[in-house]
Amino acid sequence: MEVKAPATIPYFLQEQIRELIVDGTIRPGQPLREQELEQRFGTSRSPIREALRLLELSGLVTHVQRKGFRATLYTETQIRHLYLLRAELEAYCLRQAVDTEDLAPLLGELDRHQGEIAKALAAGDVRACISASCEFYLSAARSTGNSPLADMLSKLYEQIEPLRYLLARRSMASSNIAACTRRIIDAMAERDAEQAASVARGYLADVLPAVLEAYRDAALQDAEDLAPRYGRA
């Protein structure tokens, strides 16, 4: 059966709009007007709407009755809940991973991701740093064979990526994520599960105030004028 290209358009649009949300081109709470997106991407309303529905499933977009779609605007309480959940999931996957009979392959993988984090920090590459940080914990989750855990963590990372991007763009030069992951690897090598989990939790507790501040500033920016500003491609 012949596969028609238009069937892939909503997924392409999903990624394009997602990038605009993650990098802050589309601000928190900003309306996503379908007509504006049609003009930007040169497509019809149906695939635009489907793409927005897909983004709604990931949590990056919210649909408001009679008002349409907009980039999700989180409250501080919601952000705290997301980061507390992230802390517990990361801590759990590290504790589970320590029980792996042969830790050498995982430690090698963690060490590689830690090196990528350090390299991205040195280069000021925000996206590469976030990606390597995600893979650091996802590799631990996958090593446990717990697919639901890895899937849940991956979905959470997708939802909070705009928050991580805002923080990294603002304070990347002073980030201690590389030191944190190094300490986790050392604890894992000693099979000290509680120490590894404590380091992961401690890092998130330290950065949460800065995440809240960065997000607050982004949400307040031009708060009186939330008209789309992504223009034409």
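For clarity, every value in this text was computed on a predicted model and none was experimentally measured. What's counted below: heavy atoms across the whole structure, side chains too, no hydrogens, waters or symmetry copies.
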Going by heavy atoms in the side chains, are C134 and R164 under 4.5 Å from each other?
yes
When you check the gap from the basic side-chain N to the acidic O, do R201 and E90 get nearer than 4.0 Å?
no
Taking side chain to side chain donor-acceptor pair (under 3.5 Å) as the definition, give me every residue that meets it alongside Y83, ordered by chain and number, with sequence neighbours left out.
none
Nearest 0.5 angstrom please: L37 CG to L13 CG, how far?
8.5 Å
Is the shortest heavy-atom distance from the side chain of M172 to the side chain of C129 under 4.5 Å?
yes
Is R183 close enough and on-axis enough to Y203, meaning under 6.0 Å and within 45°, for cation-pi?
no
Looking at R127 and E19, is any side-chain nitrogen of the basic one under 4.0 Å from a carboxylate oxygen of the acidic one?
yes
With side chains defined as the heavy atoms from C-beta onward, is the minimum distance between L73 and T62 less than 4.5 Å?
no
Whether F41 and F12 hold their rings parallel, tilted or perpendicular, with breakpoints at 30° and 60°
perpendicular
Hey, quick one: are I17 and I160 part of the same hydrophobic cluster, counting side-chain heavy atoms closer than 4.5 Å, chains of contacts allowed?
no
Between R95 (side chain only) and A193 (backbone N and O only), is there a donor and an acceptor less than 3.5 Å apart?
no
Is there side-chain contact between E135 and E109, with at least one heavy-atom pair below 4.5 Å?
no
Quick check on the hydrophobic clustering: are V22 and I26 connected, directly or via other members, by side-chain heavy-atom contacts under 4.5 Å?
no
Determine, for D151 against K155, whether the closest basic-nitrogen to carboxylate-oxygen distance falls under 4.0 angstrom.
no
Could you pull out all residues at least two apart from E116 that satisfy side chain to side chain donor-acceptor pair (under 3.5 Å)?
R112, H113
Is there a donor-acceptor contact under 3.5 Å from the side chain of T72 to the main chain of G59?
yes
Could you check if a side-chain atom of L60 sits within less than 4.5 angstrom of a side-chain atom of R18, using non-hydrogen atoms only?
yes
